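Quick note: residue numbers are just sequence positions, from 1. Order of appearance sets the numbers: ligands from 1, and atoms from 1 within every ligand. Nothing here was measured: the structure is a model prediction, and the numbers come from that model.
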Amino acid sequence: MNKTKYVFVTGGVTSSLGKGIIAASLAKLLQRRGYSVTIQKLDPYINIDPGTLNPYEHGECFVTEDGAETDLDLGHYERYLNIATSQANNVTTGRIYQSVIEKERRGEFLGKTVQVIPHITDEIKHRIQLLGNTNNYDIVITEIGGTVGDIESLPYIEAVRQLQWELGDHNAIVIHLTLVPYLAAAGELKTKPTQHSVKMLMQSGITPNVLVCRTEHELNEGIKRKLALFCNVKQEAIIQSIDAETIYDVPLLMAEEGLDKVVLSQLNLSSATKPDLSQWNAFLKKHKNPKHTVEIGLIGKYVELHDAYKSISEAFIHAGAACETKVLIKWIHSEGISEKNAKEQLKGLHGILVAPGFGDRGIEGKINAIKYAREQKIPFLGICLGMQMAVIEFARNVLHLKDANSTEMNAKTKFPVISLMESQKKVTKKGGTMRLGAWNCELQAASIAKDIYTQKNISERHRHRYEFNNEFLSEIQSAGMIATGKNPETGLVEIIEIPKHPWFMGVQFHPEYKSTVLNPHPLFEGFVKATLEHSLT
Ligand code: GLN
């Protein structure tokens with residue numbers, strides 16, 4: 001049996017240094033050297049998962065195949081590694097405490113006082129090792145959320161210290177990601193914040209094995225030597241992470257800096273096989289040398305925070321590269337689109353995407369945008385709530401069902417063309433209770449969807465409570481909006497299209513979650529192609 005090795009990634013000095021991207025880049029390099037690798041994120045907040053969080057707090061909630069609502073970093077892991085993650089890849093303090101408290105209620109601690117040490121730390125260690133042991137990965141990279149020194153991170157840091165001691169040298173290492181700021185007034189890069197941050201880690205009993213230093217300017221040998229000496233890290237293990245043009249450059253920059261080599265040497269693993277990055281490079285080349293440009297309006301209610309739509313914007317990058325097209329996203333706030341100003345706001349766009357969402361804020365704006373896209377024959381993609389709004393718009397403006405709505409927005413509407421799923425009617429708790437994760441969908445033969453997927457049966461990820469109300473299906477279909485994808489078991493409408501429109505599609509699922517660098521999502525590719533054609537007319 002192979003023995004899993006562990007790499008922990010901690011952050012210092014400040015948040016938002018990009019631990020997720022560094023972890024994903026390292027994982028990519030190790031994977032391309034032939035190692036089996038996965039990445040896990042430990043989040044120190046008390047929510048059980050980010051499913052109940054407002055996107056303004058932490059950005060998008062990413063959904064895995066097995067229906068876990070997770071941190072958006074898992075999206076990066078999947079997009080880089082091209083492998084699916086699962087519930088076990090994202091653990092929060094809330095979940096750790098929940099398990100420990102449930103155990104206590106079952107009497108499993110046999111009368112002992114239950115404490116942060118050892119019970120919480122044991123549960124953390126268990127969750128880390130479970131991932132490696134059950135899947136036999138060569139390497140598990142565990143990213144610890146937050147910044148070293150945060151009170152809430154302490155149990156995680158202690159768990160890492162214990163694991164390092166238990167697993168022994170070369171089996172568990174720590175990469176500490178820090179910032180080396182440039183002081184323009186002094187004209188100098190400053191190492192002191194990093195020194196302090198490492199000191200803080202050392203006070204918790206951990207000496208980092210590798211320092212990855214975010215910087216706006218090259219670190220010269222002198223700076224590296226200083227960092228090595230004062231942080232007790234080998235000089236070759238001081239890795240510069242200079243600001244990159246795109247996040248997809250980071251694996252290459254890390255390869256140049258030798259991050260993967262240093263990590264393998266610290267883990268006593270062979271670095272004889274060089275990472276084969278030919279496919280990655282081919283993607284980057286296309287991404288950076290587009291032949292065409294299109295502009296797509298992304299209409300949502302959280303557009304001030306682009307992270308709220310991370311998977312969608314990344315899916316456009318993957319699809320854009322595949323079509324050798326630069327996709328410019330115009331972020332448009334749904335609340336600002338009225339029937340009157342729709343033309344002014346949306347004219348010139350080559351495509352319109354209406355984003356997922358919850359609640360009634362901004363939905364009339366979404367409906368106005370969809371009307372414009374439908375009537376002006378602009379390629380349209382509606383995702384989840386975006387699809388539901390397309391059905392409402394059609395019912396209101398084509399079928400003249402006045403005030404047709406979703407029961408989410410108006411429980412008493414006369415025309416509930418979107419209504420709560422039967423399975424949701426008894427649900428009272430908010431967390432983890434939506435229709436989540438992968439579900440099957442069967443495509444109708446003559447449809448854009450079938451042409452795009454080139455297969456009849458597909459599976460996509462979901463996150464919703466409401467659905468197309470099949471009582472209105474025949475009326476809506478007779479008027480020209482067709483359900484071209486359905487769940488084969490329940491008949492739930494998964495895809496709607498308007499065949500008379502050049503490219504109009506609404507999907508109840510979230511294609512964006514499955515788009516990766518190596519496998520751009522066919523729907524996004526199809527949409528970008530349609531916008532490109534539209535731009536040429
Ligand atoms: N609020 C809608 C529902 O629950 C759509 C959800 C979404 O867009 N993810 O069905």
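Within 4.0 Å of ligand 1, the residues that place a heavy atom are P356, G357, F358, C384, L385, Q388, E408, R463, H464, R465, Y466, H510, listed by chain and number.
In this pair, H58 and Y45 present their aromatic rings tilted. The plane angle is within the 30 to 60° band. Between Y80 and H76, the ring-plane angle classifies as perpendicular under the 30° and 60° cut-offs. Note on ring orientation: taking the six-membered ring where Trp is involved, the planes of F504 and H501 are perpendicular (angle over 60°, cut-offs 30° and 60°).
Contacts of Q279 classified as side-chain contact (heavy atoms from CB on, under 4.5 Å), with partners at least two apart in sequence or in another chain: R32, L518. In this structure Y77 satisfies the ring pair (Phe, Tyr, Trp, His ring centres under 6.0 Å) test with no other residue, sequence neighbours excluded.
Applying the salt bridge (Lys or Arg N to Asp or Glu O under 4.0 Å) test to residues at least two apart or on different chains, the pairs with a partner in residues 339-356 are E339-K371.
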